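Structure record follows, encoded as structure tokens.
In the text below, chain A, chain B and the rest are named by the order of the sequence lines, each starting its count at 1. The shown structure was predicted, so the numbers you read here are calculated from the model rather than taken from an experiment. Hydrogens, waters and symmetry mates play no part in the numbers below; they use all other heavy atoms, side chains included.
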Amino acid sequence: MARGSDRGAAPAGIGRYLTYRGGEGMVAWAFHRASGIGVWAFIILHVFDIWLIGANPEAYDFLGAIYSSPPGRLMETLLGAALFYHALNGMRIVVMDFWPALTAYHRALWRIVWITFFAIGLPGAYIILKPIWEVAR
Amino acid sequence: MSGRYSRSGRPRPVGSRVDLYVWYAVRISSLALFVLALAHFAMTHFVYDPADQSAEWVRQMRWSSVTLRALDWGMLMAVLVHGFLGMRTVLQDYVPSRLRRVALGILYALALALFVLGTQVVLTLKIG
Amino acid sequence: MSGALRANASRTDIDAVVVGAGGAGLWAALELAREGIPTAVLTKLYPTRSHTGAAQGGVCAALGNVEEDHWEWHMFDTVKGGDYLTDQDAAEVLAREAIPAVIELERMGLPFNRTPDGKIDQRRFGGHTRNYGEGPVRRSCYAADRTGHMILQTLYQQCIKAGVKFYDEYHVVDLVFEGGEADKGGRCSGVVGYKISDGSLHVFRAKTVLLATGGYGRAWRVTSNAHSLTGDGMALAWRHGVPLMDMEFYQFHPTGIVGIGILLSEAARGEGGYLLNNEGKRFMESYAPKLMELAPRDMVSRAIYQEVRAGRGIDGKDYVYLDVRHLGRKVIEEKLPDITDFARVYQGVEPISEPVPIQPTAHYAMGGVPTNLNTEVIAGPDGSVVPGLFAAGEVACVSVHGANRLGTNSLVDLLVFGKRAGKRMAAICKSTQLPAARPGAETAVADEMAAMASRPEGVRPAEIRRDLAALMMDNVGVYRDEALLSAAVREIARLKGEYARVRVEDTGSVFNTDLLEARELGYLLDTAEATAVSALARKESRGAHSREDYPDRDDAKFLAHTMVWRGSDGAPAERIAYKPVTITIFEPKPRIY
Amino acid sequence: MSSVELKIQRFDPERDAAPHWVNYTVPVEPMDRVLDVLTRAKELFDGSITFRRSCAHGVCGSDALMINGRNRLACKVRVEQLGKSISVAPLPGLPVIKDLVVDMDAFFGKYRSVLPFLVAEEPAGEGERHQTQEQRDRYDDTTKCILCAACTSSCPSFWAQPDYVGPAAIVNAHRFIFDSRDEAADDRLEILADEDGVWRCRTTFNCVDACPRGINITKAILEVSSAIGSRR
Ligand SMILES: Cc1cc2nc3c(=O)[nH]c(=O)nc-3n(C[C@H](O)[C@H](O)[C@H](O)COP(=O)(O)OP(=O)(O)OC[C@H]3O[C@@H](n4cnc5c(N)ncnc54)[C@H](O)[C@@H]3O)c2cc1C
Ligand code: HEM
Ligand code: SF4
Ligand code: F3S
Ligand code: FES
């Protein structure tokens, strides 16, 4: 009788979870967590650099120059995107937390998050990145 | 009433409300941050250009108003509450329980450090 | 010993053992716990997986919450529905005790649907009538179409609350007898359990043992029954000299999903659904003008067969339509949500806008292990009790269902007799000593099981199971006759011969479902044999047993319960006796609806 | 009959060091469900393929499995909804006993931990308790649970922290907390207010997507959270 053919090891541990095909909610959560941790990391840096304004203004200006250089602007755009996504999706969560009936519409809310994100985020990104072209020209 | 039935497998709750307060604190601070953090970002990136914002500029323009200073300090507080309690959740998820106390200790120490640094600069930076 | 079993059985002494955690087993366990009797509940499935959870329609009790009703009417319907084979003392117990049982369930927390003034709501169900047959009555208490689910959950919850000790996924593979088998005056002294997760055997010595293992619908190809319903309790008792009673009465439910048999509850007709033939006509008009679609199940199933035979099946095929469209979206979605879901998932049919194709499906065993009103198993027509052994639920035959069970009466049966079982067992446990230990009680079954897993060659169980299911469908179905039945008896004997050489491929000891399914096939063969032999012997038509060669009911010869014993050493069953029906109030009459 | 490629994650603790995939080419009929295909593979190719099943129509909760990357009941997914290749693995996050069978003891332990039964003083008199249909509707959704574990084992928060009591237990607590007849809501809320209780829900909705009974689990969880918040 024809037996099955062996196809090698199945993923174990975290690998198992990566093969799970979650829906919008799981993606939303993964982004939310990643962006939250990212923004948190930046804010540690940011409080420190603000502190430098009093302690060592030259060092602050040096950092400021890095922030406004072309690679720095790219970073700031990413930061803004993370913060903005996190804020919008955070509101999506808070709204459901306080009105559980809205969970029935979590997909619709998820779409609203992305529409808002791009509608405001794209022009915003343009404003931040514009100087790069101007420098290049 | 509690105590009558077995909870098979899970330890009996100690009646602590910490996690309840944390949950609400994260949510309420997020409402504050929604306004403050987004406004702050818009201000630094859209209203002005980061390239112009030297230490001198901050001292003379942005932080010349006590209100703006207070708002930024408020934002710092919200971030300490929100970001650090958020990170507490993340650590509770991924750090094995035997290391958790240490990890949370480091997290809270970091929060205290930021509180000190941030408050110091807000209070001591000369106006104008 | 082969790898499939671990050597060295463990031994446990306890007062009561309950085999099976469906509605009957759970209520018995609850009652035992309330009496403080040390009890072990063994179940081959997690309790909440038991098939009681599949029951949809409802549970009847003459509460009279929405219209006048009396338990005497319920009793009458039960007797008449059973084509007068029902024991009337049992039907009286059922109808009377249904009322407190349902109320107790409510008090345990069961979320019944409610009337506007907050009482348990009731709806119509097949064969349940007002004033001795005048017209349909609202008697079925229900929780949407999840009544069985809610009963199972509620009883399990209460068992947790009461601290009942469960042995989940322990398959009971044998009963232990002391002082001879049941037909030699022996006493049941315990069970042998097989722990599925590691293949070890566990002997439980007990003062009382309850069989609550449910039915054996898996003997047929098209069935509403779970894969796990393989007649375990019936076969095990049979192997130890207990007769099986009224096995020829097996109910085919009229509305199964075509081909696979999943049930669309009678609730669909209770709420007002129609049955239509290919001419779009409500054909029940010609079979039961008064009750129409709500006639008893045996009649409706036969009517469908008649229509199909007369070429009035849909597209000339072997099914008809169940039509609920006129009930409207609201009723369909709120009162029949699960049924609607089944039609959508398993047939791709949208009941709100389309009629649903249905055909009869093997559903319920009226027969089983014979018991008296206290659920004590009896050894023969004289009613002598087999000490220590009890049975309740579908596995048992009290007999409250006679030749045909009414819808909802099975759940009532579980509640009323499950509870009685617990009470009676508790009383016996308090007044008896633990039977003597029987060393090596597990050897016989251990050897049988080890043999299946160690034969180098043999027959695959799947083949025998397939042949048996097809045979029962064709020869021991809704319509039967001499030729079909004697062929069935011969064929089952042949399959049993094959089964003696059965071989399983899985030789491991951890979660060996291959071995257990083979074991279950043995139970199915036994119950199928008892069914075919009893059916061949009953030369009349009554209730669910419909002989084309004997189309009439014959009260002179057959107003009696069949009892059949297993042949010794693998010989076919031959010994049959008849036990008179108990008649108290209602004289047998022709059954017209 | 056409056929499908059925990929089963197999593991025999008595032989294998780790789980591995095995492929079978199995004939199928148009209306077949994954459970039918598994059964056929067991009958045709290898009797040792191991999985749980009972009712075969989605009401007993035996055969929740990870099918093509999502938790589903094998008896409720039709093959034609999946296409030509089907992968079947045990529920993630629970210890595997053999092939597709997972250890459910801890899962049921958590269920038992939330007092999943009515707690109420016996009413005086003979009859039933009264409850209006609106009061009953309040908790209708969560009475549907069949304890299949599809939800809990699909939850990223549970994967990260197996101590999380999990959506299934919360659903069953909800069923009683919002039952007008029950008197132990406070106890349950206290149990669910601890570190491993409701707060671990991150509203990822995997549970809702997995639930074969269509229960809005996340809503139930958030209702419990608010009830804890509004408790004096
Ligand atoms: C689809 C469907 C719908 C139905 N609808 C209704 C309805 O609306 N109204 C009504 O009144 N009736 C209905 N019935 C009939 C009724 O549900 C059953 O007859 C009844 O639930 C049987 O209950 P039980 O307690 O006897 O056994 P079950 O609920 O079948 O439980 C059997 C138990 O025995 C255990 N078991 C079996 N063998 C062994 C073994 N060898 N070792 C250990 N444990 C074992 C199982 O694990 C299980 O726990 C319906 C039946 C079906 C199939
Ligand atoms: C701007 C408005 C913000 C809103 C509306 C917001 C909202 C939220 C909400 C509702 C949560 C809880 C998510 C959950 O429990 O599932 C959360 C988590 C978190 N937030 Fe924010 N947040 C904001 C800004 C920030 C900022 C500025 C930081 C950085 C310091 C931050 C860091 C975090 C972190 C680390 C978490 C934990 C992530 C997790 O549990 O997955 N958030 N946020
Ligand atoms: S809530 Fe749904 S998914 Fe979770 S156990 Fe219950 S039925 Fe299964
Ligand atoms: S998947 Fe888990 S995170 Fe919450 S919404 Fe469901 S319990
Ligand atoms: S077998 Fe019962 S739910 Fe699938």
Side-chain angles (χ1 to χ4, degrees), chain C residues 3 45-46 48-51 53-54 63 100 102-103 106-109 111-121 143-144 146 149-150 153-154 157-158 160-161 168 197 226-228 259-260 262-263 338 341-342 345-348 460-462 466 504-514, chain D residues 12-15 31 33 39 42-44 46-62 76 78 97-99 101 103-105 108 111-112 115-120 122-123 126-133 135-136 139-140 143-147 175-176 179 181-182 214:
Chain C
L45 308 168
Y46 277 101
T48 55
R49 318 278 186 237
S50 302
H51 208 58
L63 302 179
V102 164
I103 288 179
E106 195 287 328
R107 289 179 164 214
M108 289 178 192
F112 283 110
N113 278 44
R114 301 289 176 157
T115 62
D117 53 347
K119 292 194 273 189
I120 299 172
D121 198 12
R146 294 188 289 277
H149 165 77
M150 290 322 322
Q153 296 281 331
T154 304
Q157 291 156 1
Q158 293 297 313
I160 294 176
K161 188 176 177 183
D168 295 335
S197 65
H227 283 281
S228 54
I260 44 180
I262 293 171
L263 196 75
D338 276 13
D341 189 44
F342 294 157
V345 174
Y346 298 113
Q347 283 178 301
R460 300 173 66 89
R466 199 179 46 231
V504 300
E505 280 177 276
D506 193 341
T507 55
S509 54
V510 176
F511 230 95
N512 191 336
T513 53
D514 203 18
Chain D
D12 180 348
E14 293 169 301
R15 284 196 201 141
M31 289 302 280
R33 296 154 287 155
T39 309
K42 184 179 174 77
E43 288 180 359
L44 291 179
D46 187 348
S48 72
I49 297 173
T50 304
F51 50 91
R52 291 190 178 101
R53 87 280 178 272
S54 184
C55 72
H57 65 286
V59 296
C60 77
S62 297
K76 261 195 122 174
R78 287 215 309 272
I97 295 179
K98 177 176 173 187
D99 288 356
V101 175
D103 186 343
M104 302 276 277
D105 284 354
F108 276 103
Y111 163 75
R112 287 194 297 270
L115 317 183
F117 38 75
L118 188 81
V119 178
E122 272 293 307
E126 292 284 291
E128 72 234 47
R129 286 192 186 83
H130 287 203
Q131 183 171 54
T132 65
Q133 188 62 35
Q135 288 171 328
R136 190 207 171 280
Y139 62 98
D140 181 65
T143 63
K144 296 180 197 158
C145 174
I146 53 175
L147 295 167
R175 180 248 169 276
F176 289 101
D179 186 335
R181 299 168 295 177
D182 186 81

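Neither side chain, D/S54 nor D/S62, offers a donor N or O lying under 3.5 Å from an acceptor on the other.
The closest donor-acceptor contact from the side chain of C/Q158 to the backbone of C/M108 lies under 3.5 Å. Looking at C/R107, its side chain does come within 3.5 Å of a backbone N or O of D/G127 through a donor-acceptor pair. Of the possible donor and acceptor atoms, none in the side chain of D/K98 sits under 3.5 Å from a partner among the backbone N and O of D/P13.
Within the 4.5 angstrom heavy-atom criterion, only backbone atoms of C/F112 (N, CA, C, O) approach chain D. Within the 4.5 angstrom heavy-atom criterion, atoms from both the backbone and the side chain of C/Q157 approach chain D. For C/I120, the parts sitting under 4.5 Å from any heavy atom of chain D are the backbone and the side chain alike. Contact of C/R146 with chain D is made through the side chain alone, with heavy-atom distances under 4.5 Å. Neither the backbone nor the side chain of C/L263 comes within contact range of chain D; no heavy atom of the residue lies under 4.5 Å from a heavy atom of that chain. Contacts of C/V504 with chain D are absent, with no heavy-atom separation under 4.5 Å from either backbone or side chain. Using a 4.5 Å cut-off between heavy atoms, D/I146 contacts chain C through both its backbone and its side chain.
Between C/H51 and C/S228, the closest side-chain pair of non-hydrogen atoms is not below 4.5 Å. Between D/Y111 and D/L147, some side-chain heavy-atom pair lies under the 4.5 Å cut-off.
Among the candidates D/D105, D/D182, D/T39, the residue making the largest number of heavy-atom pairs closer than 4.5 Å to chain C is D/D105. When each of D/R78, D/Q133, D/R136 is checked for heavy-atom pairs under 4.5 Å with chain C, D/R136 comes out on top. Between chain C and the residues D/E126, D/M31, D/R52, the largest count of heavy-atom pairs under 4.5 Å involves D/R52. For the options D/T132, D/T50, D/V59, heavy-atom pairs under 4.5 Å to chain C are most numerous at D/T50. Comparing D/R15, D/Q135, D/H130 by heavy-atom pairs within less than 4.5 Å of chain C, the highest count is held by D/H130.
The pair C/D341-D/K76 meets the salt-bridge criterion, since a charged nitrogen lies less than 4.0 angstrom from a carboxylate oxygen.
Using the six-membered ring where Trp is involved, C/F342 and D/H57 have ring planes that are perpendicular, over 60° apart on the 30 and 60° scheme.
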